[in-house]
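Each remark here refers to the structure printed beneath this line.
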Amino acid sequence: MSDPSFSPRRAVTAPDKPALEGLEQKWSAAWDAGGVYRFDRARDRAAVYSIDTPPPTVSGSLHVGHVFSYTHTDAIARFQRMRGREVFYPMGWDDNGLPTERRVQNYYGVRCDPSLPYDPSFTPPDPSTRAGQGKKPPAVPVSRPNFIELCARLTQEDEHVFEDLWRRLGLSVDWSLTYATIGRTAQNVSQAAFLRMLARGEAYQIEAPTLWDVDFRTAVAQAELEDRERPGAYHRIKFDQAGTPGAWLEIDTTRPELIPACVALVAHPDDERYRHLFDTDVLTPLFGARVPLKAHRLADPEKGTGVAMICTFGDVTDVVWWRELQLPARAIILPNGTFRAVAWGSDGFETVDVPRAQAAYDQLAGLSSEKARARIVDLLRDSGDMLGEPRPVMHAVKFFEKGDRPLEILTSRQWFVRTMDHREALIARGTELAWHPPHMRARFENWVNGLNGDWCISRQRFFGVAFPVWYPVRDDGSLDYGRPLVPDESRLPVDPSTDVPDGYRPEQRGEPGGFAGDPDVMDTWATSSLSPQITAGWLDDPDLFARVFPMDLRPQAHDIIRTWLFSTVLRSHLEHGALPWANAAISGWVLDPDRKKMSKSKGNVVTPMALLDEHGSDGVRYWAASGRPGVDTAFDAGQMKVGRRLSIKLLNAAKFALGGSLQAGPVTEPLDRAFLTSLAHLVRECTADFEAYDYARALQRTETAFWQFCDDYLELIKSRRYGDRGEASAASATTAMLVALSTFLRLFAPVLPFVTEEVWSWWQEGSIHRSRWPEPADLEEAAGGGADVAPLAHASEILGEIRRWKSLNKVSISTPVNVTLSFAGGVYDALPVFELDLRAAGRIQDLRRVEGGDGVIVELVS
RNA sequence: GGGCGGUUAGCUCAGUUGGUAGAGCACCGGCUUUACACGCCGGCUGUCACAGGUUCGAGCCCUGUACCGCCCACCA
């Protein structure tokens, strides 16, 4: 026989009362000790299957959705490993960026104050004494290096918790291949890739209007935006026409507080109401600033009065108008979201009544947008410049996805990566990539086509990868941004706030003729977009890189196609001129019973560890693997119970198959041959399913077939197997049963790693997870050549009729009966093949047949 | 407003060249059957969202509509 695992490789050790309890601990320890999932880097690229594992955010908590999607990836990994591929399956931790900063602030009760010096003896407040005190004490200010130390400390603790869960769930990752997005390798790769983009002109720095979060005080990218419905109000405002007393224009605005930042009004070029006034001036209310009425196609005559106010900057359309109409800027909002102090009349803008403007503005200075709005409404009401009362409206407002207040648009100096130039090429990359399921590609294309600017990658934060750049300080103390000083790649990673550029001395920091470090850090996606390069040893391990890159699989959820998937494709395209992986497997979300996404805020999150305790890892994995690729799936504890029962069934069926005499012999009985032939078909189909990334379909097929194996086939051969019809026919049954057990175990192994390993260990050497995936040819060979599978179906059908009769007549299944068959020819032709097995399984005393008709007549033995 | 997905049994979902509607769960009834009562056998359950069209034949193909979900855009 070609497949050695068809027969016992060791003394059989099935326990009397097999159980699932404790299998997770037992086998995860054994796998670790045996290095079952250790990557063998001696294998060449064609033999390797490499996975670009998503690094979960360690500052959050793992939830059911993680368990769901990581199980899918693990099932694929295990399948590929059994197919003979050497699986490169690392695990990463996303500990970089804002979520970690926020968690550290809350956990330790600190806030980062970059102006403070490092305190080597600093110890953070004990979190346990902070909990449950009711009122929170004020946050303790700490230096940036101290703050980063705390980030590193807390994320390490979090990572251990995560790793424990993953091991318990049975992920077959190689735990020697972990990475962290703030780790040294990630910093090295991020900085080197940045310097190379800079050298190629793909990264550039510019002072320009940027989306800005006033709480985090940082720039954010388009990909990090989300809309939220917020109450607002339209305010109808009068703008007097300069030089035409008593004439005015009216505008509607939801942001009247930006009137002091108004630099023009705008209407559509074809709007007959305003055509004659284009390029004449109006005066802003309260402030009397002289601003022009301009024409622009983006002004919508249908909206409001048809005239809009252009401010610095109310929304992204303001930016377009400002740029295309070449208007001046009049920035009034500070990075912290408050109105800055402005000396009217001294800023180059013409104002008719400076003292009045100053008096009005002084009431706004220092306020937030929200408070300034309330205040200016009072002023406008008093001055008569607001017509009627504000009209409330619900409208979508742009927020940073992690932020609490609406975004502002501020002018600041930021680093960008060119994306707009590469849109067509990226769309083409998208078509090269094999998407599972295929329709997810549309989301990628949608996003690329909707991009409206280059990718802003700099953040004014602390816990992230620094830009490896310094700037010369001019004699007047200003920075020469046009001539950045960059380190040699061999120096990376560098921290420009402590390291010194080549050719300078530390004491020249900040001095005229000296240098200053770039204070910003990279956006977290600027690092995680390099996850394939980070794990594959791009810079420091070319041998490994050649064996695993480009990778085979990127698994991820659909909500981060616009961020992680997009940016990874972009970086690989720019750096390697190739896709970073061949396949993208996109998982869906886990929905709660109300069909909403599971989320913490809704209080419907079940902790994963509790689920694993209750249902067993295999039970939970079964539920996860029954969710089809890319399909949002309802959380269903019932499915986990089903998975648990299936696992128990496997234990018991194996105990039966391995119990009693294991006197093997050639498979000669036609029913046995038919069953093994049907198994060959099953294996063929499951293999194709897994190769198409459809673990769910493979599982479903295997489960159905396994159930038929237990309930029909085993029942049919039971008596023969006990030796009732002699040794040779018993040996045929025994062999077929062992072949089937070996096959089912391996088909289930990717989804149910613990119970299959347990059963495997009863009679096989080595781990099932390093065993060979079953081959249809081996099964056909074991069957003595492909056999007709029809007799199996006939026998099951007739047995079912007998069971139905016994059930309806409420007699025991072991009650002896007489049976009369009336079938067409085909069944009778096959009857000799299974008659004896059928008689035994149905407890048939007298079996008659009549011609014609279609059915089974059952009678009690009189 | 644009795009994508969905709508099948009380619930969760299969249904892949168009050929008599399926599974599990739940519910009800029965059965100690030398693997398993953490089991087994059986029963009940459907205008396949709606309206047209193509076809001998449509859950499946085409057109349109409704509703649900997601992504994006708009945000005066």
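Just so we're clear, the structure is a prediction, and the values are computed from it rather than from any experiment. The sequence lines fix the lettering, A, B, ..., with proteins before strands; numbering per chain opens at 1.
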### Query
Hey, does A:K810 reach any base, or is it just sugar-phosphate, or nothing, if we go heavy atoms under 4.0 Å?
sugar-phosphate
### Task
Would you check if the side chain of A:Y693 reaches a backbone N or O of A:I586 as a donor-acceptor pair within less than 3.5 Å?
no
### Message
Within the 4.0 Å heavy-atom criterion, would you say A:T305 contacts the bases, only the backbone, or no part of the nucleic acid?
### Response
nothing
### Query
So, the side chain of A:R443 versus the backbone of A:D559: is there a donor-acceptor pair under 3.5 Å, distance only?
no
### Message
Checking base pairs now: Watson-Crick or wobble, both atom distances under 3.5 Å. What partners B:G22?
### Response
B:C13
### Message
Side chain of A:R645 only, heavy atoms from C-beta on: which candidate in B:A76, B:C25, B:C40 is closest?
### Response
B:C25
### Message
Nearest to the A:I813 side chain among B:C41, B:C70, B:A76, which nucleotide is it?
### Response
B:C41
### Nucleotide nearest A:R804 when distance is taken to its side chain, options B:C40, B:A14, B:G42
B:G42
### Task
Describe the nucleic acid contact of A:K655 in one word from base, sugar-phosphate, nothing, applying a heavy-atom distance below 4.0 Å.
sugar-phosphate
### Query
Quick one: does A:K806 reach the base of B:C41 with a side-chain donor-acceptor pair under 3.5 Å?
no
#### Entry: Whether A:R720 side chain and A:A730 backbone form a donor-acceptor pair below 3.5 Å
no
### Message
Could you check whether A:K718 makes a cation-pi contact with A:F656, meaning its NZ or CZ is under 6.0 Å from the centre of the six-membered ring and within 45° of the ring axis?
### Response
yes
#### Entry: Candidates B:A76, B:C36, B:C71 - which lies nearest the side chain of A:E715
B:C36
#### Entry: Residue met sooner reading RNA chain B from 5', once A:R443 and A:A654 are mapped to nucleotides
A:A654
### Centroid-centroid distance, A:H558 to A:W589, less than 6.0 Å
yes
### Query
Of the nucleotides B:A14, B:C72, B:G42, which one has an atom closest to the side chain of A:R562?
B:C72
## Note on the structure
A:S812 has its side chain closest, among B:A37, B:U32, B:C4, to B:U32
#### Entry: Complement of B:A76, any strand, by Watson-Crick or G-U distances under 3.5 angstrom
none
### Query
Taking atom P of B:C72 as reference, at what distance in whole Å does atom CG of A:N446 sit?
9 Å
### Message
Using a 4.0 Å heavy-atom cut-off, does A:N452 contact any base of the nucleic acid, only the sugar-phosphate backbone, or nothing at all?
### Response
nothing
### Any-strand Watson-Crick or G-U partner of B:C4, both distances under 3.5 Å
B:G69
### Task
Kindly indicate whether the side chain of A:S807 and the base of B:G43 share any N or O donor-acceptor pair separated by less than 3.5 Å?
no
### Query
Side-chain N or O of A:T254 less than 4.0 angstrom from OP1 or OP2 on B:A76?
yes
